[in-house]
Amino acid sequence: MSIGIDDISFYTSNFFLDLKSLADVQNIEADKYYQGIGQERMGIVGADEDVVTMAAAAALPLLDSCDKASIDTLLFATETGIDQSKAAGVFVHGLLGLPSRCRVVELKQACYSATAAVQMACAIVAREPERKVLVLASDIARYDLTSSGEATQGCGAVAMLIGSNPRLIEIHPQSGRYTEDVMDFWRPNYRSTALVDGKYSTKIYLKALKQAYADYIDQGGARFEQLDYLCYHLPFSRMAEKAQTQLARCSENSSDAATRSAMVAPTLTYNRTIGNSYTASIYIGLVSLFDHAAEDLSGKRVGFFSYGSGCVAEFFSGTVVAGYRDSLHTQRHQEMLEARTELTYTQYLKFYNFEIPADGGDHCMPEQTTGPFRLASIDQHKRIYCAR
Ligand code: CAA
């Protein structure tokens with residue numbers, strides 16, 4: 001029996017800022033962002049959107065072809081938790097009308113936790129192959145204005161159904177792991193923006209890649225030269241180029257830069273235009289690969305490198321299933337991105353500076369999102385969601 005991703009879809013806000021607008025205000029060349037970090041736009045959430053509304057929107061199309069009663073567990077991965085106690089997934093469970101016997105829990109480890117969720121989901125399905133696990137990863141990347149991280153903000157959510165005999169990609173059992181207690185990126189409970197030691201974080205990312213890949217090889221994983229494509233955690237798209245160079249070096253692979261670039265290019269398209277989506281980014285990279293690869297991916301081996309600052313990393317792989325194209329949501333993704341509204345820099349600042357009222361009163365949220373779900377109000381500290 002094979003286990004893996006049976007269905008996958010992503011969602012991002014309907015607002016974005018072009019990084020040229022940011023570069024103009026900063027009086028620098030837009031190419032620092034377009035080429036230097038490989039980002040064109042960043043997704044910006046409206047006041048009535050959060051990780052719950054984005055995750056529920058990402059999951060909605062998956063329910064069209066799945067019996068809700070078969071969903072045994074919902075695992076919600078996020079860095080952008082909305083409550084210290086209640087799992088964000090419980091709100092999504094309600095919005096989607098999932099069965100009451102479905103267990104729900106939230107997982108946290110910076111950008112890594114969606115991969116822990118995928119691996120746990122595979123273990124659950126191995127025990128009960130007729131069940132499905134809904135894995136949601138949803139995040140809003142926020143840094144201080146004028147900080148080095150500002151241009152790498154973004155938002156997005158991905159939803160995956162993990163099941164037996166999957167329609168899209170089988171996950172291989174080998175996985176390499178690496179954990180080290182470091183402070184490269186973190187967000188204390190009292191802050192709404194992340195703190196980051198930018199250059200250090202990229203060095204730690206590459207070190208963790210080397211270590212996790214070495215462990216993956218020790219566990220009997222496929223060598224770099226046996227992989228056809230790589231999906232990396234994408235804090236910004238150019239990170240994939242740095243990672244490819246690192247991996248080729250670790251494996252003494254002699255491939256040239258153009259070949260290495262072709263192995264990741266289709267995974268980057270969505271990230272370039274939505275920005276960092278933390279836990280979701282690696283799997284939005286997989287959606288991007290499915291939606292943009294020129295060739296039929298059936299039988300192709302894909303390597304995955306998941307990285308969460310702090311840090312925990314994992315390297316694993318999978319094989320794309322023949323016939324996967326019949327189960328993609330490509331048109332929906334592309335229409336969603338085409339329908340987005342561009343913000344001016346002044347509008348961006350207004351969105352950025354919006355604060356959730358914390359006084360315990362009854363507050364309606366401004367109606368901004370065009371997505372299927374919205375945060376309607378905050379009443380006496382309770383978040384009230386609704387379908388739009
Ligand atoms: N045209 C083309 N390229 C240009 C350019 C221009 N006009 N101007 C500059 N560049 C190039 C630079 O040469 C540089 O290239 P190299 O990386 O090849 O050296 C690149 O653009 C970036 O320029 P800087 O190094 O000057 O950029 P910076 O210091 O302002 O910021 C950063 C880079 C530190 C990564 C910053 O974006 C940041 O702090 N980001 C947030 C942290 C982050 O994303 N870390 C990634 C690893 S941690 C992780 O993965 C977890 C997570 O999600 C946060």
Side-chain angles (χ1 to χ4, degrees), residues 17 19-20 22-43 51 77-80 108-115 137-158 178-187 191 193-212 230-246 257 260-261 264 267-268 271-272 274-285 304-315:
L17 180 74
L19 290 180
K20 181 170 187 324
L22 185 64
D24 286 349
V25 170
Q26 295 171 336
N27 207 16
I28 60 169
E29 287 177 17
D31 275 348
K32 165 160 182 189
Y33 298 140
Y34 289 169
Q35 291 175 20
I37 62 167
Q39 291 300 120
E40 287 163 23
R41 298 168 167 186
M42 55 193 191
V51 291
T78 187
E79 187 273 356
T80 326
K108 176 175 70 182
Q109 176 24 57
C111 309
Y112 163 74
S113 60
T115 294
S138 183
D139 269 310
I140 300 163
R142 259 173 73 88
Y143 294 92
D144 286 343
L145 296 175
T146 75
S147 70
S148 70
E150 183 180 5
T152 67
Q153 296 176 121
C155 63
V158 70
Y178 182 71
T179 295
E180 183 182 350
D181 183 359
V182 286
M183 295 300 278
D184 58 330
F185 164 106
W186 67 106
R187 187 164 67 83
R191 287 183 64 99
T193 51
L195 296 165
V196 65
D197 188 341
K199 299 275 186 219
Y200 176 60
S201 70
T202 59
K203 286 200 179 91
I204 293 289
Y205 176 116
L206 294 174
K207 177 182 174 188
L209 169 60
K210 185 174 170 184
Q211 301 285 352
L230 268 297
C231 289
Y232 289 101
H233 165 56
L234 296 171
F236 50 91
S237 295
R238 251 204 88 218
M239 197 69 218
E241 178 190 323
K242 294 174 197 281
Q244 280 289 82
T245 307
Q246 170 78 312
R260 292 197 299 267
S261 169
V264 293
T267 73
L268 308 180
N271 189 74
R272 285 183 69 86
I274 66 171
N276 196 352
S277 55
Y278 291 161
T279 51
S281 86
I282 176 174
Y283 298 102
I284 293 179
F304 294 86
F305 175 64
S306 181
Y307 176 77
S309 290
C311 72
V312 179
E314 185 157 343
F315 196 102

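Read the numbers this way: they start at 1 and go in the same order the structure lists the ligands and their atoms. Keep in mind the model is a prediction, meaning the values are calculated, not measured.
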**Request:** Using non-hydrogen atoms of the residue, decide whether Tyr34 is closer than 4.0 angstrom to ligand 1.
**Result:**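 Outside the 4.0 Å threshold, so no.
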**Message:** Heavy-atom pairs closer than 4.0 Å: do any link ligand 1 to the side chain of Ser201, the backbone, both, or neither?
**Reply:**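 Contact part for Ser201 vs ligand 1: both backbone and side chain.
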**Asked** Under a 4.0 Å heavy-atom limit, does Thr152 contact ligand 1 with its side chain, its backbone, both, or neither?
**Response**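 Side chain only.
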**Message:** Does Tyr178 form a side-chain contact (heavy atoms from CB on, under 4.5 Å) with Lys210? I'd like the steps, not just the answer.
**Reply:** CA-CA 9 Å; Tyr178 182 71; Lys210 185 174 170 184; over 6 Å; no
Check: [X] N/O within less than 3.5 Å of ligand 1 N/O:
| X | answer |
| --- | --- |
| His233 | yes |
| Lys32 | yes |
| Tyr143 | no |
| Lys242 | yes |
| Lys199 | yes |
| Asn276 | yes |
| Glu29 | yes |

Using a 4.0 Å cut-off to any heavy atom of [X], which atoms of ligand 1 qualify?
| X | value |
| --- | --- |
| Ser309 | 48 (S), 49 (C), 51 (C) |
| Cys111 | 51 (C), 52 (C), 53 (O) |
| Phe236 | 35 (C), 44 (O), 46 (C) |
| Tyr307 | 48 (S), 49 (C), 50 (O) |
| Phe185 | 54 (C) |
| Tyr205 | 50 (O) |

In Å, rounded to the nearest 0.5 Å, how long is the span from [atom1] of [X] to [atom2] of [Y]?
| X | Y | atom1 | atom2 | value |
| --- | --- | --- | --- | --- |
| Phe304 | Phe315 | CZ | CZ | 10.0 Å |
| Glu314 | Thr179 | CD | OG1 | 9.0 Å |
| Arg41 | Ile274 | CZ | CD1 | 12.0 Å |
| Arg142 | Glu150 | CZ | CD | 10.5 Å |
| Gln35 | Arg238 | CD | CZ | 9.5 Å |

**Request:** Just do the side-chain contact (heavy atoms from CB on, under 4.5 Å) check on Asn271 and Ser281 with the steps written out, would you?
**Result:** CA-CA 7 Å; Asn271 189 74; Ser281 86; 4.3 Å; yes
**Asked** Do any non-hydrogen protein atoms sit less than 4.0 Å from atom 46 (C) of ligand 1?
**Response**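 Yes, because at least one protein heavy atom sits under 4.0 Å from atom 46 (C) of ligand 1.
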Among all protein non-hydrogen atoms, which one is nearest to [atom], and what is the separation to 0.1 Å?
| atom | value |
| --- | --- |
| atom 22 (C) of ligand 1 | Ile37 CG2, 4.0 Å |
| atom 44 (O) of ligand 1 | Pro235 CB, 3.3 Å |
| atom 14 (C) of ligand 1 | Arg238 NH1, 4.3 Å |
| atom 12 (C) of ligand 1 | Gly36 CA, 4.9 Å |
| atom 42 (C) of ligand 1 | Val196 CG2, 3.5 Å |
| atom 2 (C) of ligand 1 | Asp31 O, 3.4 Å |
| atom 36 (C) of ligand 1 | Ser148 O, 3.4 Å |

**Message:** Using a 6.0 Å cut-off, check whether atom CD of Glu180 has over 12 heavy atoms from anything other than its own residue.
**Reply:**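 Yes.
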So, [X] and [Y]: side-chain donor and acceptor under 3.5 Å apart, yes or no?
| X | Y | result |
| --- | --- | --- |
| Thr78 | Tyr278 | no |
| His233 | Ser306 | no |
| Thr152 | Asn276 | no |

**Message:** If the test is side-chain contact (heavy atoms from CB on, under 4.5 Å), which one of Leu209, Thr202, Leu268 qualifies with Met239?
**Reply:**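 Running side-chain contact (heavy atoms from CB on, under 4.5 Å) over Leu209, Thr202, Leu268 with Met239 returns exactly one hit, Thr202.
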**Request:** Answer yes if the ring centres of Tyr205 and Tyr232 are under 6.0 angstrom apart, and no otherwise.
**Result:**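 No, too far apart.
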**Item:** Note: Lys203-Asp197 ion pair, threshold 4.0 Å (strictly below)
**Value:**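 No.
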